[in-house]
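Indexing begins at 1, ligand by ligand and atom by atom, following the structure's order. Please read these numbers as outputs of a predicted model, since none were measured by experiment.
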Amino acid sequence: MSQSKRCTVIVGSQWGDEGKGKIVDVLAESVDVVARYQGGANAGHTVHVGSDEFVLHQIPSGILHPARRCLLGNGVVFDPFQFFEELDALAARGIDAEPRVGVSGRAHLLLAYHKMLDRAAEARRGAGKIGTTGRGIGPAYEDKVARQGIRVADLRDPARMEDLLGRAAERVNERLGAFGSDEQVDLHALCDEVLSIRERLLALSVDTGRVLHDALRAGERVLLEGAQGALLDVDHGTYPYVTSSNTTAGGAALGVGIGPTAIDAVVGVVKAYTTRVGEGPLPTEFPSPMQEHVRQLGGEFGATTGRPRRCGWFDAVVVRYAARVNGLTGLAMTKLDVLDTLPELKIAVGYRAGGALLDDFPGDLGLLEEAEPVYESLPGWEKSTADARRWADLPDAAQAYLRRIEALTEVPIQYVSVGTRRDQIIHVQHG
Ligand code: IMP
Ligand code: MG
């Protein structure tokens, strides 16, 4: 990362699972603080360090670098039990992360009852289900916006905490009953559970906006880590098949408590093809058996739920749109090596829908559902890229594929990842 870029946002620029964990891990090398700004334990970041594989859900991926400060911003829905489980698992592998983490006092708690509501709501939706991760994300954000959430700072006063939990239990039990769920919240057990982590959590509570403001003033470098992807953004994604937060770069400033003028760069992470997990439109989705073939090549199974991911060709309509709504200054392309054996590659450059040719991603779900991609074909390279460490090491056809994506999206590719290991990355020099 160049010296002048002090505050960089990393955003997924497709439907999540672009490999942000790996890119954050690489970029964290040259920053002082990493902060997550939205989402919760629905994220699944897989990071490989040496022969170890780590899957993190709640803790920012930057944690694997010693000495990096890691923050969870106010925009996160915070599952304290998941969080401490991850901290303890890291500690068991010799990574003492607790002294380096901070959680916003303004972050909303995500508790077991949010997961019950998530499951009950999905069951109720039947065929119209969203395919959520079941981690309670939607119900936790609903509570926040309805002004009935419980924030980390609310634990400071035990009487206030018990009052809020009591009201939540009453409300939730009513709703679970209405959903026909046989689950109910036991208030005593709930209070005991939250009490058991109260002090440990309060000790980590900070004002993330203040910490980041001070860090930037002191000349430190900051990475704001997004979860999910632009097409899952509650405003800009394929609504209602989205998550319940603003995953895009605008959400970064909001979700940690700094102003947008503090941000210098926005790096969009994209996979060399497209995947999506859960329901909703995916215009370039492969037919069978190509679907299963690429899923196997790319190991495309969800890190959080284990669900098979849906796979398709690279969609330049999607990434051009993501570039615009995020204000991308650069792209990081991951999993290029997964395409190594394919003889021919396609890139969607437009859609046919509603009797017209669209060159922009439509907001209308009906149009998206009928969208037929217009493809360009490029030759594959049919060689391994796994050992490429410089641009010049890439086969000509791979260079041409990447150059075409840059031209279509109008964003320079800054990083190309060619494998899961930390060293399998190309830093692209732009003359
Ligand atoms: P929720 O975030 O669990 O409510 O799920 C809403 C939608 O976002 C579903 O389609 C999920 O599969 C998808 N989703 C949520 N988190 C992730 C993620 O980290 N990667 C990919 N898809 C995700
Ligand atoms: Mg993931």
- How long is the gap from CG on Asp154 to CZ on Arg198, to the nearest 0.5 Å? 11.5 Å
When you measure from the heavy atoms of [X] to every atom of ligand 1, does any distance fall below 4.0 Å?
X	answer
Val242	yes
Ala43	yes
Gly131	yes
Arg135	no
Arg276	no

- Query: Does Gly16 put an N, O or S atom under 2.8 Å from the Mg ion (ligand 2)?
  - Reply: no
- Do the rings of Trp381 and Tyr401 sit parallel, tilted or perpendicular, given the 30° and 60° boundaries? tilted
- Residue among Arg175, Arg171, Arg151 satisfying salt bridge (charged side-chain N to carboxylate O under 4.0 Å, His left out) with Asp143: Arg171
- Item | Which segment of Trp15 sits under 4.0 Å of ligand 1 when only heavy atoms are counted | backbone
- Query: Using heavy atoms and a threshold below 4.0 Å, how should the contact between Asn42 and ligand 1 be classified: side chain, backbone, both, or neither?
  - Reply: both
- Query: Going by an N to O cut-off under 4.0 Å, is there a salt bridge joining Arg403 and Glu406?
  - Reply: yes
Checking the N or O distance criterion of under 3.5 Å, is ligand 1 in contact with [X]?
X	value
Ser244	no
Arg307	yes
Thr133	yes

- Can Arg93 be said to sit on top of Phe54's aromatic six-ring, NZ or CZ under 6.0 Å from centre and within 45° of the ring axis? yes
Do [X] and [Y] have side-chain N/O donor and acceptor atoms under 3.5 Å apart?
X	Y	value
Ser61	His45	yes
Glu86	Gln82	yes
Gln38	Gln228	yes

- Message: Looking only at N, O or S atoms in Asp17, which is nearest to the Mg ion (ligand 2)?
- Response: OD1
- For atom 21 (C) of ligand 1, grab the closest protein heavy atom and report residue, atom and distance to one decimal in Å. Asp17 OD2, 3.0 Å
- Can you tell me which residue and heavy atom of the protein come closest to atom 13 (C) of ligand 1, and the distance to 0.1 Å? Leu232 CD1, 3.9 Å
- Message: Quick check on Glu98: does its CD atom have over 12 non-hydrogen neighbours (other residues, nucleotides or ligands) under 6.0 Å away?
- Response: yes
- Message: More than 12 heavy atoms of other residues, nucleotides or ligands under 6.0 Å from CD of Glu410: yes or no?
- Response: no
- Message: For atom 10 (O) of ligand 1, tell me which residue out of Val277, Thr247, Thr304 has the closest non-hydrogen atom.
- Response: Val277
